[in-house]
Amino acid sequence: VSTPASYDVALCEGREKGVIADNRALNELKAIRTECQRRVKKTAWASAGAAAIPVPLLDVVVDVGLLMKLIREIKQALGLEPEQIQAMSEESRLKVWKRRAERGSELIGIVVTRELIKRSVQGLGTRLVAKQITKFIPLGGQIVAATIGYWVMRRMAMTHVDDCFEVACAAKGISTR
């Protein structure tokens with residue numbers, strides 16, 4: 001059984017349109033990821049500034065507040081706030097939850113609380129303790145504390161950006177590999 005040439009052409013054109021749409025969606029998500037990464041760097045500098053102030057635990061309070069705001073902004077930008085996920089089709093929601101589980105991220109698709117942020121930060125506990133101790137060493141200690149503060153904030157937030165990007169791509173059926 002042979003198929004008409006016009007059918008083959010239409011099938012190829014349909015695939016090309018799908019590929020073009022996927023590329024466009026992927027490029028949009030990449031642009032959003034780049035913007036989120038820019039925000040992360042800016043927020044990490046604010047964290048470093050708070051870490052340089054020799055007041056016990058001030059930086060921890062500041063970091064929790066910054067992370068809560070930043071994580072919410074990242075999820076919203078990539079369409080992964082709880083309300084945005086609920087508005088997705090059933091198939092897309094399943095992709096989101098599956099990919100979220102594969103990535104091991106606790107912060108996608110749920111309302112972020114201070115307790116959840118604290119639990120996420122606990123994995124970096126040794127660095128946080130070092131940051132608290134070093135800030136009381138004159139001058140050099142504050143520089144070290146600020147460096148650790150920048151690094152911890154940047155690492156946590158960039159990991160979240162990457163997790164959200166992967167999950168958003170999965171929700172749209174786009175492979176990033």
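Please read these numbers as outputs of a predicted model, since none were measured by experiment. All values below were derived from every heavy atom in this structure, side-chain atoms included, with hydrogens, water molecules and symmetry-related copies excluded.
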Can you tell me how far the CG atom of Leu29 sits from the SG atom of Cys169, to the nearest 0.5 Å? 5.0 Å
Just wondering, do Lys172 and Lys95 contact through their side chains at under 4.5 Å, heavy atoms? no
Partners passing side-chain contact (heavy atoms from CB on, under 4.5 Å) against Val40 (at least two apart in sequence or in another chain): Leu70, Ile74, Arg154, Ala157, Met158, Val161
If I take atom CE from residue Met153 and atom OG1 from residue Thr43, how far apart are they, to the nearest 0.5 angstrom? 7.0 Å
Asp162 CG to Cys36 SG distance, which is reported to the nearest 0.5 Å: 10.5 Å
Any side-chain heavy-atom pair of Gln84 and Lys75 under 4.5 Å: no
Evaluate the side-chain contact (heavy atoms from CB on, under 4.5 Å) criterion for residues Val152 and Ser47: first the C-alpha distance (whole Å), next the side-chain angles of each, then the deciding distance (0.1 Å), finally the verdict. CA-CA 9 Å; Val152 168; Ser47 175; over 6 Å; no
Between Arg72 and Glu81, does a salt bridge (Lys or Arg N to Asp or Glu O under 4.0 Å) hold up when you go through it step by step? CA-CA 7 Å; Arg72 187 172 41 249; Glu81 278 287 310; 5.9 Å; no
What's the verdict on side-chain contact (heavy atoms from CB on, under 4.5 Å) for Tyr150 and Arg155, showing C-alpha distance, side-chain angles and the deciding distance? CA-CA 8 Å; Tyr150 177 85; Arg155 181 164 181 230; over 6 Å; no
With side-chain contact (heavy atoms from CB on, under 4.5 Å) as the test, would you mind laying out the steps for Ile32 and Phe165 before giving the verdict? CA-CA 9 Å; Ile32 293 168; Phe165 175 76; over 6 Å; no
Tell me, with the steps shown, if Glu102 and Glu166 meet side-chain contact (heavy atoms from CB on, under 4.5 Å). CA-CA 10 Å; Glu102 289 171 0; Glu166 289 289 328; over 6 Å; no
Could you check whether any side-chain heavy atom of Ile53 comes within less than 4.5 Å of a side-chain heavy atom of Asp59, counting everything from C-beta outward? no
For Lys69, which residues count as a side-chain hydrogen bond (donor to acceptor under 3.5 Å, both in side chains) partner, sequence neighbours excluded? Glu73
Which heavy atom of Ala145 sits nearest to which heavy atom of Ala51, and what is that distance? O-CB, 3.4 Å
Using the rule that two of Ile, Leu, Val, Met, Phe, Trp, Tyr join whenever any of their side-chain heavy atoms come within less than 4.5 Å, decide whether Leu80 and Leu94 are in one cluster. no
Who pairs with Ser92 by side-chain contact (heavy atoms from CB on, under 4.5 Å), at least two apart in sequence or on another chain? Met88, Ser89
